[in-house]
Amino acid sequence: MDKHVGTDRVKRGMAEMQKGGVIMDVVNAEQAKIAEEAGAVAVMALERVPSDIRAAGGVARMADPSIVEEVQNAVSIPVMAKARIGHIVEARILEALGVDYIDESEVLTPADEVFHLNKRDYTVPFVCGARNLGEATRRIAEGASMLRTKGEPGTGNIVEAVRHQRLMQGQINKIISMSEDELMTEAKNLGAPYETLLDIKRNGRLPVVNFAAGGIATPADAALMMQLGSDGVFVGSGIFKSENPAKFAKAIVEATTHYEDYALIAKLSKNLGPAMKGIEISSIEQKDRMQERGW
Amino acid sequence: MINIGVLALQGAVREHVKALQAPDVQVTVVKKVEQLHDIDGLVFPGGESTTMRRLINLYGFYEPLKAFAEKNRPIFGTCAGAILMANEIVGQMEPHLSVMDMTVERNAFGRQRESFEANLAMDQIGEDVEAVFIRAPIINKVGPSVNVLASYDGDIVAAQQGPFLACSFHPELTDDHRMHQFFVKMVREQAIHA
C-alpha cells in the first residue's frame with residue numbers, strides 16, 4: 001500500500017470537488033463563517049479584498065499568517081491563500097501553514113517579472129489566472145492544478161472575465177477541431193506548450209478545472225459565467241462589499257448551482273441591496289490593470 | 001436497461017457519469033426532485049458535504065432522498081457522499097441523511113497536503129484498486145449489519161450495508177471502474193427484486 005502525496009490526480013482532483021461551487025474572499029473568521037454558512041465550497045483568506053488593495057495602492061503581499069490561521073480555525077471547508085507571482089518563499093510559507101490551495105495571484109504585486117513558480121515542486125496544489133489559452137497552458141505546464149479567468153479584480157465589472165472566458169473557450173474549440181499536424185504551429189502562435197495542446201485536443205477539454213474570477217458582483221454575473229462554461233466562480237470583493245453579505249453570499253451560491261433557472265435567479269436577486277459600486281475598465285490606466293501582471 | 005442517477009448539486013458529477021458508462025446502463029444527471037422517480041440507483045458524488053447538504057435542503061431533496069433510501073433503492077456515496085450517508089459524524093450534533101449504520105470522521109487524514117493516492121485490497125472488488133484520497137473522511141465505526149470492504153492503515157475506508165455502498169476515496173477520479181461496476185451489479189440485482 002504505497003502512499004503517494006502531491007500527485008496530479010490528488011492535486012487536480014481537489015479542484016474537481018469544487019466544481020459547481022463558489023469560492024469566496026474573506027479577511028477574518030467572521031466572514032469565513034458567513035461564507036461557509038452560505039454554502040461556499042472554499043474560502044480565500046486575505047488581508048484585504050481586491051477592491052481595497054486597488055484603493056490602497058502600494059505593494060500588496062501575502063496575508064499575515066495569523067489571518068490565514070484564524071480562517072483555518074473558523075471553518076471546515078478548504079482554505080486557500082494568495083502568494084505573489086514568482087514568490088517562492090511566500091508559497092512555501094503558505095504550504096507550511098497547511099493551506100489547501102495556493103493562488104499564485106496577479107491581485108498581489110508580482111515578486112518576479114520573468115518567472116512564475118515551478119508549481120510541480122510543491123505538494124500543495126495551485127490555482128492561477130489566465131486571459132487566454134497561451135497563459136492557461138503555460139500555467140498548466142508549470143504545474144497549476146486549477147485555472148481561473150483573470151478578469152479585472154476588484155472592479156465589480158464582469159466584462160473582462162467574460163472576454164477571457166469567451167476567448168479561451170473559442171481557442172479550446174479551435175484546438176479540438178484542428179488536425180494534429182496543425183497543432184505545432186498553433187502552439188507557436190499561442191506560446192503554448194505543444195504537449196498540453198495535444199492533451200486538450202485528445203480529451204476535448206482542459207486537463208484542469210477552470211473557474212471564473214475577476215469582477216463578479218451579482219448572482220446574475222455568477223450565473224452568466226457558468227453559462228459561458230466556467231466550472232465554478234470566485235467572488236472577491238462582491239460579497240463583503242455589498243450591504244447584506246450573508247444574503248448576498250447565499251444568492252450567489254444558488255445562482256451558480258441553478259444558473260439556467262432564470263425565474264429562481266430573478267427571485268433571489270430581489271431586494272439584495274446595492275451591489276458594490278464598480279469601476280468602468282477604460283477608467284483604469286493600462287499600468288494599473290491587474291490582468292496585465294503575469295506572463 | 002437500468003437507470004442510475006448522479007446527484008448534481010455540486011462536485012465531481014462528470015467523472016461519475018463517465019465511470020458508470022456500460023452498455024445496459026443509462027446515466028441521469030439529477031438536478032430536480034422529480035427525476036428520483038425514474039432512477040433505479042443513485043450516486044452521491046464527491047464535493048463539499050456541507051455545501052451539498054445546504055443545497056439538498058434548499059431544493060427540497062431531503063425528504064425525497066430519505067424516501068428513496070427507505071425503498072431500498074441502492075445508493076453509492078464517495079467521500080462527501082459517504083458523509084451524507086452516515087448516521088453519525090464525529091464532532092457534529094446531527095448527521096445528514098442517516099442511511100448507513102456507520103460513524104464518519106471528516107478530514108481525518110488532515111489537510112490537502114496530506115491527501116494521497118494508494119492501491120487498496122478490496123473485498124469482492126479487487127486486490128489492487130486505485131484509490132485517490134482528498135481531504136478524505138474515515139469510517140470510525142460500523143454497525144453489525146455493515147460489511148467492511150476495505151481498510152487503509154487500520155482505518156475503514158469502504159463499506160456496504162445492503163443496498164448502500166460508501167467509500168471515503170474517489171474511484172471516479174481514476175480509470176479503475178471496478179467499484180462502479182460493483183455498484184451497477186448491486187443496482188441490477190435490486191431492480192430484479194423490485
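All chains are named by letter (A, B, ...) in the order of the sequence lines, taking the proteins before the strands, and each is independently numbered beginning at 1.
- The closest donor-acceptor contact from the side chain of A:T149 to the backbone of A:A213 lies under 3.5 Å.
- Taking 4.5 Å as the heavy-atom cut-off, the residues of residues 77-110 of chain B that approach chain A are B:R106, B:N107, ordered by number.
- With a 4.5 angstrom heavy-atom cutoff, A:L97 touches chain B only via backbone atoms.
- Considering only heavy-atom pairs separated by less than 4.5 Å from chain A, the leading option among B:V132, B:T51, B:V13, B:L9 is B:T51.
- When heavy atoms are compared at a cutoff of 4.5 Å, A:E95 approaches chain B solely by way of its backbone atoms N, CA, C and O.
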**Message:** Between B:F182 and B:Q124, is the side-chain contact (heavy atoms from CB on, under 4.5 Å) condition met? List the steps.
**Reply:** CA-CA 8 Å; B:F182 183 77; B:Q124 303 176 62; 3.7 Å; yes
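- In this structure, chain B has a heavy atom under 4.5 Å from the backbone of A:A40, while its side chain stays farther away.
- B:N3 places a side-chain N or O within donor-acceptor distance of the main-chain N or O of B:D38, the cut-off being under 3.5 Å.
- Proximity to chain A (any heavy atom under 4.5 Å) is shown, for B:R111, by both the backbone and the side chain.
- Across B:E48, B:H170, B:E114, the residue that shares the most heavy-atom pairs under 4.5 angstrom with chain A is B:E48.
- Options A:Q72, A:R12, A:K250 differ in how many heavy-atom pairs under 4.5 Å they form with chain B, and the most are formed by A:Q72.
- The main-chain N or O of A:R205 is never found under 3.5 Å from a side-chain atom of A:N203 such that the two would form a donor-acceptor pair.
- With B:L120 as the partner, the side chain to side chain contact (heavy atoms under 4.5 Å, CB included) test is satisfied by one option alone out of B:I125, B:D128, B:V157: B:V157.
- B:T50 touches chain A through its side chain: at least one heavy atom from C-beta onward sits under 4.5 Å away, while N, CA, C and O do not.
- Between B:F76 and B:H16, the ring planes lie perpendicular to each other; the angle is over 60°, past the 30° to 60° tilted range.
- Only the side chain of B:L55 comes within less than 4.5 Å of a heavy atom of chain A; its backbone N, CA, C and O stay farther away.
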**Item:** side chain to side chain donor-acceptor pair (under 3.5 Å) assessment of B:T28 paired with B:Q35
**Value:** CA-CA 8 Å; B:T28 302; B:Q35 292 174 292; over 6 Å; no
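- Residues B:H180 and B:P171 have side chains in contact (heavy-atom distance under 4.5 Å, counting atoms from C-beta outward).
- Ranked by non-hydrogen atom pairs under 4.5 Å with chain B, the options A:G39, A:G20, A:P78 are led by A:P78.
- Between B:V29 and B:A8, the shortest heavy-atom contact is CG1-CB, 3.4 Å.
- Interface remark: of the candidates A:T256, A:I77, A:V99, A:V253, A:I77 forms the most heavy-atom pairs closer than 4.5 Å to chain B.
- In this structure a side-chain-to-backbone donor-acceptor pair under 3.5 Å is missing from A:K201 to A:D199.
- For B:S49, no part sits under 4.5 Å from any heavy atom of chain A, backbone or side chain.
- Heavy-atom pairs under 4.5 Å with chain A were tallied for B:G47, B:P45, B:A131; the largest tally goes to B:G47.
- Between the side chain of B:R54 and the main chain of A:E37, a donor-acceptor pair closer than 3.5 Å is present.
- Between the side chains of B:D176 and B:T174, no donor-acceptor pair is found at a separation under 3.5 Å.
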